[in-house]
Amino acid sequence: MSHISSKPHPEQDSDLVDLNPDELPSSPVSSQPAPKQLYPKNSFSIPLVSLALRPSTLTALLRSGFSSTGDIMSSCWPEIASANEDGNDGGVGFAHDENDGGGIANTRINNEGYERLAKDLGCSLLQAADYALEIDDVLVSFGLPKVSAPAGQNGIAESGSTDEPQTDSDDSVTALNRSIIPATAATILRSTPNVRNLLSGNIHNQTANTRHIVSFSQSIDSLLGGGFALSELTEIVGLPGVGKTQLAMQLCVDSRLPANYGGVEGCSVVIDAEGSWSGAAGGDRLWSMAIAMVDHVKTSAERKIRLKKESMHANINDGGRHVQFPSWLTPESVLEGIHIFRVHDETSQTCTIYNLPKFLFDLERKGTPAKILVIDSMAFHYRVASSTPSSGTVNGKIKSNSLSTTHNLTRMAAFLTELASEFDLAVVAMNHLTTRIEKDDTNNQGRLKLVPALGESWAHSITSRLMIDHHCHFEATSSIAPCIGEMRTCTLVKSPHKPTGTALFTITDKGIRGVPSHALQSQAAKRPKLS
C-alpha cells in the first residue's frame, strides 16, 4: 500500500547551497561555530503531512490553512520568506546585542514570530510556540533548518540550540522547553468537541456529538451508557469466530444512521489486517446489514408519521416534515461511507495508521466526518512479528523483537487515543486471546489461562475493554417457523466511567440484535468460563 513517508526528502544536489559557518551569527547558547552543513535552498516547503507530528498539532494547522513548513515560516517570518528569493535578510535585523550575547535580542525576535503565528492560528502564544517547537524537533532530527529561526538567519539550526533550553533573563516562551509547557484542566475541557460546539452556539452539532454509536442491541447499548462512545479507544477481545468482526461491521453500518434517528450521521474507516472486510464475504455481509438498517429507518419513519396523524393535537404537515425519511439513505450510500484499507504486514499497518490524520481531515472538509475507526485486528501482525526470531544487535546486545513490539504498541495506543479525541470519533481495536501459564498455589503447579494478547502496557493504554464470548443456544419461535440461534455475551471488563457488567446479544442475518425476551426467560444456563 502506498503511503507518505514520515521522512522528508531533500532536493536535488543542484539545489543545495554550501553554508559557511563563519558567516552565521553566534549562538546565544554556545559560542562555538556551527559545523559546516548543507541545507536546501528554499527548503521551507516540506508538507506537514510528511512529518511525524501529533494528530492534534497536524489537524490544528491544517484546519487553519497551513499545509507546509513554508506556510509556518511565512507566518512567523514574512520578511525572511520573501527574502529567500532575493538573497538578503529582508531587513529583519538579526543584529545581536553585545551586552547579552544575542540572547535577549533573539528571544524578542522569537516572540514576535510566535505572536504572528498565534494570531494566524487563533490560539494562545504558548500554544503557537508549542506547535513551532514540535515542528523544529522533527526537522532538526533530519538535519533540516528550523521554522522558528531561534538564533540564526533564515531559520538555520545552530550548534547547541536544541540540546539545552535557553535561560534568558527575559520572561518568554522560548525559555521553556516544548515538553514542559502545561495545559490546564479548563483548557482541556474547552478543547473537547462538545464544549466547543456549546460555546459557539452550534446546538445541532453539540447534540450530534453527545450521541453514541448504537449497536442495535439494546442490552449492549445500555451496558455502555447509550452505545460506543466517541473520542475513546475501545478494545473488543474474544476467541476466533465469536463475533468480533460482526459487531464491528454493525457499528460501521450504524455510523451512517441519521442524527434525528439516534445516529451520528458520519462515515467509518477500517484497517483490515486479516482480510475479513476486503473479500466478497465481507462485502455481502455489510450489504445485508445496510439493507436491514435502511429498512429499520423506513419503518421507524412510517410509524412516527402514523402516530402524528392519529394524534388529535398534531399538525400533520409539520409532523411529516420532521419525520420524513432521508432520501440520501440507501444501502449503496451506506457502503460508500465505509472506507477500507487492506494492510498485509506490520509496516503497512503502522504507516497507514500514522497517516490517517490527513485522510480524516479530508473527510471532515468534505462534510462527511469519520465517526468510527476500526482496526481488525490490532494483534494480528504484531503477534507474527514478535514470534519471529530476534535478528541483529544493538550496542553489542541481541535485539529483542518483543521489546520493540511493546514500545511500538505503547506509542500506537497514545497516537490512537489522541486521534479519537482530536477528530471526535470512536476507535475500536480488535484483539485476540492468548494463553498464559499461571502458578496454582494449591498444588504448586502451573495452569493455562486465556488472557487478552498484546500485554499489560497495551491494556493500560486503552480506555475500555469488552470481552465477547459464547453463551448458549436458544430456540426462537416466530409466526413463520422456529429457528435456532446462539446467545453471545458482551462483558465490560474495563471502563473509567461505567460499572462493569454483562449484556446478551445474538447475531442474525440482519446483523447484531438483542436476545428475544422469551429466550431470556427460558434459558438459565450459566456462562462458561474462559479458563
Side-chain angles (χ1 to χ4, degrees), residues 52-60 62-63 183 187-197 205-206 208-215 224-237 244 247-248 251-252 254-256 263-273 337-341 349-350 352-365 368-379 408-431 454 457-466 492 494-498:
L53 303 176
R54 295 176 296 175
S56 56
T57 300
L58 181 59
T59 53
L62 292 177
R63 286 170 180 166
T187 303
I188 296 174
L189 180 62
R190 285 193 296 267
S191 65
T192 58
N194 290 339
V195 178
R196 281 203 305 263
N197 289 319
N205 286 344
Q206 194 271 338
N209 283 329
T210 57
R211 297 184 185 272
H212 296 70
I213 301 179
V214 296
S215 64
L224 300 178
F228 284 73
L230 305 181
S231 302
E232 292 185 3
L233 171 57
T234 303
E235 179 195 59
I236 300 178
V237 61
K244 301 187 299 295
L247 179 57
L251 294 175
C252 289
D254 293 348
S255 67
R256 301 287 289 161
V264 294
E265 199 170 331
C267 61
S268 56
V269 179
V270 179
I271 308 297
D272 184 15
I338 302 177
H339 307 275
I340 302 174
F341 292 89
Q349 175 176 315
T350 302
T352 302
I353 291 176
Y354 279 132
N355 283 282
L356 279 178
K358 178 61 167 61
F359 181 75
L360 296 176
F361 175 75
D362 291 340
L363 292 177
E364 187 180 81
R365 188 169 51 184
T368 56
K371 288 301 177 181
I372 182 171
L373 167 64
V374 173
I375 305 175
D376 189 10
S377 66
M378 194 71 190
N408 292 338
L409 281 172
T410 304
R411 293 182 56 192
M412 183 74 70
F415 182 87
L416 292 174
T417 301
E418 188 171 1
L419 196 72
S421 177
E422 183 63 29
F423 288 94
D424 190 33
L425 54 83
V427 178
V428 180
M430 306 294 134
N431 195 2
L454 301 182
S457 298
W458 167 262
H460 288 296
S461 302
I462 59 177
T463 308
S464 302
R465 166 173 283 174
L466 295 174
L492 182 60
K494 173 192 175 183
S495 177
H497 43 69
K498 299 181 186 69

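Keep in mind that what you see is a predicted model, and the values were worked out from it rather than measured.
- Side-chain contact between Phe228 and Asp254: absent, with no pair of heavy atoms (C-beta onward) separated by less than 4.5 Å.
- Between Ala429 and Leu233, the shortest heavy-atom contact is CB-CD1, 4.4 Å.
- Residues Phe341 and Asp272 fail the side-chain proximity criterion, which asks for heavy atoms closer than 4.5 Å.
- Counting heavy atoms from C-beta on, the side chains of Arg54 and Phe415 never come closer than 4.5 Å.
- The distance from the OG1 atom of Thr234 to the CD1 atom of Ile462 is 8.5 Å, given to the nearest 0.5 Å.
- Met412 places a side-chain heavy atom less than 4.5 Å from the side chain of Met378.
- Summarising the geometry, atom CG belonging to Leu466 is positioned 12.0 Å from atom NZ belonging to Lys494; distances are rounded to the nearest 0.5 Å.
- Between the side chains of His212 and Glu232, not a single donor N or O lies within less than 3.5 Å of an accepting N or O.
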Worked check of side chain to side chain contact (heavy atoms under 4.5 Å, CB included) between Ile353 and Ile375: CA-CA 9 Å; Ile353 291 176; Ile375 305 175; 3.9 Å; yes

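- Across every non-hydrogen atom of Thr410 and Ser457, the tightest pair is OG1-CB, 3.7 Å.
- Proximity of a side-chain donor or acceptor of Thr57 to a complementary backbone N or O of Leu53 within less than 3.5 Å is not detected.
- The residue from Val374, Ile372, Leu363 that alone fulfils the side-chain contact (heavy atoms from CB on, under 4.5 Å) condition with Val269 is Leu363.
- In this structure, the side chains of Leu230 and Ile213 come closer than 4.5 Å at one or more pairs of heavy atoms.
- The shortest heavy-atom contact between Phe361 and Leu62 is CZ-O, 3.4 Å.
- Put simply, CG on Asn431 and CD1 on Ile236 are 11.0 Å apart, with the number rounded to the nearest 0.5 Å.
- When side chains are defined from C-beta on, Glu364 does not count as touching Phe359, because their heavy atoms never get closer than 4.5 Å.
- Side chain to side chain, Glu422 and Ser56 fail the donor-acceptor criterion of an N or O pair below 3.5 Å.
- The distance from atom CG of Leu360 to atom NZ of Lys371, rounded to the nearest 0.5 Å, is 11.0 Å.
- The cationic group of Arg63 lies under 6.0 Å from the six-membered ring centre of Phe423 and within 45° of the ring axis, placing it in a cation-pi geometry.
- When every heavy atom of Ser464 is checked against every heavy atom of Ser495, the shortest pair comes out as OG-OG, 3.9 Å.
- Scanning for side chain to side chain donor-acceptor pair (under 3.5 Å) contacts around Ser215 gives Asp221, with sequence neighbours left out.
- Across all non-hydrogen atoms, the minimal contact from Ala459 to Arg465 is CB-NH2, 3.6 Å.
- Heavy atoms only, all atoms of each residue included: Leu419 and Leu425 are closest at O-CG, 4.4 Å.
- From Lys244, atom NZ reaches atom CE of Met430 across 8.5 Å, with rounding to the nearest 0.5 Å.
- Atom CD1 of Ile340 and atom OG of Ser268 lie 8.0 Å apart (nearest 0.5 Å).
- Two residues are said to be in side-chain contact when any heavy atoms from C-beta on lie closer than 4.5 Å; Val270 and Ile338 meet this criterion.
- Residues Leu373 and Val428 are not in side-chain contact: their nearest non-hydrogen atoms beyond the backbone lie 4.5 Å or more apart.
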